Amino acid sequence: MTAPDPAALTCPAPLREVERVLLGHGSGGRLSAELIGDVLVPALGRAAPPGPLEDAAVFTVGDTDLAISTDAYVVSPLFFAGGDIGSLAVHGTVNDLAMRAAMPLALTVAYVVEEGFALADLRRVAASVGAAACAAGVPVVTGDTKVVGRGAADGLFVVSTGVGRRLPGAAPSAAGAAAGDAVLLSGPIGCHGTTVLSAREGLGFDAEIGSDTRPLHRLVEAMVAAGGTAVHALRDPTRGGIASALNEIARDSHIGVEVVERDLPVPEPVHAACELLGLDPAQVANEGCLIAFVAPDRADEVLAAMRSRPEGREAVRIGTATGVDPGRVVIRTGVGSRRVLDMLVGEQLPRIC
């Protein structure tokens, strides 16, 4: 047996590691922020939006301040207690506009439909879009439809875009909160995420709870009428729940936030579901509530205005903005201790909206 010629021996080329998109990149938490901040926004170059990334972008045409927002909906299942992908698409876009104090003027809706999808279900979704838009008082003015081959989409995806007119005298922004602000929450948390998860996995929780999906622009209109520029920041805590929303505002406004745990309105069925599944209700998605940072001297007026609307009748104060530890959110527990409330890191509940 002859020994191999050393000169003929070569090392194999090392395998190149390929970075790939994970489900967690769509969670609305830390991975989502990294994907947007490290990949998507830098790729735009000079076309990138200035300042913090908001729920909607504001621009001016003539003397009119407008807002625009776009969103894609991939929720699974398509139908769940309290809503469906159609109403969700309308409400989500209307609410993103509302978080910049913009009242909706027009929507566009696009459908990506998989070959073989049941026409009856498509009619049902389209009718839901129409009903939700009519209830919100906004027309659907244009759209698009694409059909892809079997296996190229999971039944149906919906993409919606909205344009709105900003209310005069209002300028809420994720960068607008200030130390001392009262932190208000318009209603119970965790209903949407636990409902969708229950419907997807057949857990049975949706017999007691339903999605909170609904439009919030009229609630915002009442808040602005009561507080005007004292309404410093608004956020609808969808993917990533109130944890992500609070952390985003704390980061962009360079403030700390302290939340009182016992003041968080978590419905008992949601609490039970989260206990069973090991979820934090503060990180579970919502589709029909908002967080507001309001100047302390106007907080009571704004809270009263919120409670005067059906969408905000269960509104509560949950905490305070501070000048301590900018960018950090802490929860004061029932026993008096404090714990950090961080953004969701991975994917807790995929395809929730």
Side-chain angles (χ1 to χ4, degrees), residues 21 23-29 32 35-36 40 53 55-56 68-99 104 106-114 117-118 121-136 138 140-148 152-164 191-200 206 210-217 235-241 244-245 284-290 347-353:
V21 175
L23 268 178
H25 283 116
S27 67
S32 291
L35 180 68
I36 294 168
L40 302 180
L53 299 179
D55 286 326
I68 186 169
S69 182
T70 192
D71 218 335
Y73 295 86
V74 298
V75 64
S76 174
L78 300 177
F79 306 99
F80 45 85
D84 56 60
I85 193 172
S87 59
L88 196 63
V90 172
H91 297 160
T93 301
V94 166
N95 292 347
D96 282 346
L97 295 173
M99 297 309 103
L107 298 178
T108 76
V109 178
Y111 301 92
V112 180
V113 190
E114 182 182 7
F117 187 70
D121 285 343
L122 182 58
R123 290 190 182 100
R124 184 178 170 188
V125 170
S128 180
V129 167
C134 287
V138 57
V140 178
V141 295
T142 189
D144 189 27
T145 305
K146 293 291 190 294
V147 178
V148 298
D154 188 8
L156 176 70
F157 300 148
V158 180
V159 180
S160 57
T161 298
V163 175
C191 294
H192 177 74
T194 50
T195 296
V196 171
L197 178 63
S198 178
R200 182 188 304 160
D206 51 342
S211 171
D212 61 345
T213 178
R214 55 187 164 186
L216 298 172
H217 59 299
R235 208 64 152 197
D236 59 333
T238 53
R239 291 175 301 164
S244 286
V284 175
N286 312 274
E287 289 291 345
C289 66
L290 64 80
E347 179 56 274
Q348 186 183 71
L349 301 173
R351 294 183 60 184
I352 213 72
C353 61

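Everything numeric here is computed off the predicted structure, so don't read it as measured data.
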Between CG of Asp236 and CG of Leu97, what distance do you get to the nearest 0.5 Å? 10.5 Å
In short, Cys289 meets Asn286 closest at the heavy-atom pair SG-CB, 3.6 Å
Thr108 side chain vs Gly143 backbone, donor-acceptor pair below 3.5 Å: no
Considering all heavy atoms of both residues, which atom of Val284 and which atom of Gly193 are nearest to each other, and what is their separation? CG1-CA, 3.6 Å
Please identify each residue that fulfils side chain to side chain contact (heavy atoms under 4.5 Å, CB included) with Arg235, with sequence neighbours left out. Glu54, Asp55, Ala174, Ala245, Glu248, Ile249
Side chain to side chain contact (heavy atoms under 4.5 Å, CB included) involving Ala126 - partner list, sequence neighbours excluded: Tyr111
Quick check: do Glu287 and Leu88 have side-chain heavy atoms less than 4.5 Å from each other? yes
Quick check: does any side chain N or O of Thr93 sit under 3.5 Å from a backbone N or O of Ala89, one acting as donor and the other as acceptor? yes
Ile36 vs Leu53 side-chain heavy atoms within contact, under 4.5 Å: yes
Please examine the side chains of Leu156 and Ile85, heavy atoms only from C-beta on, and report whether any two atoms are closer than 4.5 Å. yes
For Phe117, enumerate each residue passing the ring-ring contact (aromatic ring centres under 6.0 Å, His included) test, keeping only those at least two apart in sequence or located in another chain. none
Any donor-acceptor pair under 3.5 Å linking the side chain of His192 with the backbone of Ile352? yes
Would you say the side chain of Val90 lies within less than 4.5 Å of the side chain of Leu107, judging by non-hydrogen atoms? yes
How long is the straight-line distance from CG of Leu290 back to CG of Asn95, given to the nearest 0.5 Å? 8.0 Å
Would you say Arg239's side chain and Gly26's backbone share a donor-acceptor pair under 3.5 angstrom? yes
Taken in chain and number order and not counting sequence neighbours, the residues that satisfy side chain to side chain contact (heavy atoms under 4.5 Å, CB included) with Thr70 are Val159, Thr161
For Val112, which residues count as a side chain to side chain contact (heavy atoms under 4.5 Å, CB included) partner, sequence neighbours excluded? Val148, Phe157
With side chains defined as the heavy atoms from C-beta onward, is the minimum distance between Val138 and His217 less than 4.5 Å? no
Minimum heavy-atom separation for Pro104 to Val94, with atom names? CG-CG1, 4.1 Å
Between Val196 and Pro77, is any pair of side-chain heavy atoms under 4.5 Å apart? yes
Under the side-chain hydrogen bond (donor to acceptor under 3.5 Å, both in side chains) rule, what pairs show up with a residue in residues 72-88, not counting sequence neighbours? Asp71-Tyr73, Asp84-Ser128
Scanning both residues in full, the closest heavy-atom pair of Phe80 with Val75 reads CE2-CG2, 4.1 Å
Are the side chain of Asp96 and the backbone of Ile68 linked by a donor-acceptor contact shorter than 3.5 Å? no
Assess whether side chain to side chain contact (heavy atoms under 4.5 Å, CB included) is satisfied between Leu78 and Arg124, documenting all intermediate values. CA-CA 10 Å; Leu78 300 177; Arg124 184 178 170 188; over 6 Å; no
